[in-house]
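Numbers for residues simply follow the sequence, beginning at 1.
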Amino acid sequence: MTGTLLSGIGAFLASAVEMVEALTIVLGVGVVRGWRSTLIGVAAAAVVLAALIAVFGAALGSIPIETLRLVVGALLLVFGLQWLRKAILRSSGYKALHDEDEAFREQRAAAAAAGDVQRAGMDWYSFTVSFKGVLLEGLEVVFIVISFGAGQGRFGPAIAGAALAVVLVLVAGVVVRGPLERVPENTIKFVVGLMLTSFGCFWAAEGAGVDWPGDELSLIGVIAFFAAVSWAFVQALRRRRLGTPVTA
């Protein structure tokens, strides 16, 4: 039950982050260039992503669960450590915080400056940018959903978490009609990095034959361990940055 709940929460948070970034791209293009071609691009990307989930989800069912957990755990560990590294650097001041409002302005300016090329009765710039943006951000969601689902041996919680995130972000985008700059994206990325790293460590070890004490309850301890180590890194890097002389 603990692993199922945490995998659903992890999929929800990770998907929310990616969907906020996709929404920023879509809004930036749609506001300036119009919505018809933009939304067609979004729909095309959604179809491709749904096909990938159906194909890879079914294929994973034929792989032994121990092997699957080892491979998925290793991939999640690598993926999670990348998120965690960036979150630590942002929290310590070594990397600028992600600003959705600034990203929206940049996307809108690029859309306004682009030429007007019509193909198949569509604004090709609007279609391609929205398609690529949603596809790339969505691929990360697909990877996370498949990883959480494969590691647990059931896809329901991960799919439900991701679907809830997509719905909430879309509703918020319609209501706000602008970039969701008030969403604490960097804090969420920190939490997601912790969860991906922790699940990756847990499942990779299980796949290698480790018998965790308390079974899935050990996940809480693993998350707490990585959280403590990350906090220590943030504090150490902050002290190092503040103690370094500022050069012109």
Side-chain angles (χ1 to χ4, degrees), residues 1-18 49 52-92 138-165 186-237:
M1 183 63 184
T2 302
T4 299
L5 180 62
L6 290 175
S7 68
I9 294 173
F12 170 79
L13 292 174
S15 300
V17 169
E18 301 302 338
L49 292 170
L52 288 174
I53 292 175
V55 171
F56 287 105
L60 290 174
S62 61
I63 303 175
I65 188 63
E66 291 80 10
T67 303
L68 201 56
R69 282 180 173 168
L70 179 60
V71 174
V72 167
L75 290 173
L76 269 185
L77 188 58
V78 172
F79 197 57
L81 285 172
Q82 291 177 345
W83 279 50
L84 200 52
R85 172 182 170 274
K86 292 178 181 179
I88 290 171
L89 291 175
R90 288 191 182 100
S91 297
S92 60
L139 281 173
E140 294 200 35
V141 175
V142 169
F143 171 76
I144 290 165
V145 168
I146 289 177
S147 297
F148 277 122
Q152 283 287 322
R154 48 186 180 273
F155 288 87
I159 292 175
L164 180 60
N186 296 292
T187 301
I188 295 176
K189 283 183 176 179
F190 208 130
V191 174
V192 171
L194 283 174
M195 298 192 74
L196 293 179
T197 303
S198 301
F199 269 98
C201 177
F202 183 84
W203 283 335
E206 267 198 337
V210 172
D211 187 14
W212 291 94
D215 198 16
E216 291 184 345
L217 285 174
S218 297
L219 265 170
I220 298 174
V222 175
I223 293 172
F225 170 76
F226 279 113
V229 171
S230 300
W231 179 84
F233 271 119
V234 169
Q235 299 306 311
L237 288 171

Check the pair R90, K86 against side chain to side chain contact (heavy atoms under 4.5 Å, CB included), reporting the backbone distance first and the verdict last.
CA-CA 6 Å; R90 288 191 182 100; K86 292 178 181 179; 3.7 Å; yes
Side chain S92, main chain L89, donor-acceptor under 3.5 Å: yes
Rounding to 0.5 Å, atoms OG (S91) and CH2 (W231) come to a distance of 13.0 Å
Of all heavy-atom pairs linking S198 and F226, the shortest is OG-CD1, 3.6 Å
message: Once you measure the plane-to-plane angle for F79 and F143, does it fall in the parallel (<30°), tilted (30-60°) or perpendicular (>60°) bin?
response: perpendicular
Correct closest heavy-atom pair for G80 and L196 would be CA-CB, 3.6 Å
CD (E206) and OG (S218) are apart, to the nearest 0.5 Å, by 9.0 Å
Of all heavy-atom pairs linking V141 and A162, the shortest is CG1-CB, 4.2 Å
All heavy atoms of C201 vs all of L77, minimum pair found to be N-CD1, 4.0 Å
ask   = Within the side chain of W203, is there an N or O that forms a donor-acceptor pair under 3.5 Å with the backbone of L70?
value = no
So CG of L219 and CH2 of W212: to nearest 0.5 Å the spacing works out to 8.0 Å
Residues A16 and A165: closest non-hydrogen pair is N-CB, 3.6 Å
Here the pair of heavy atoms bringing I88 nearest to F190 is CG1-CZ, 4.0 Å
d(T197 OG1, Q82 CD) to nearest 0.5 Å is 9.5 Å
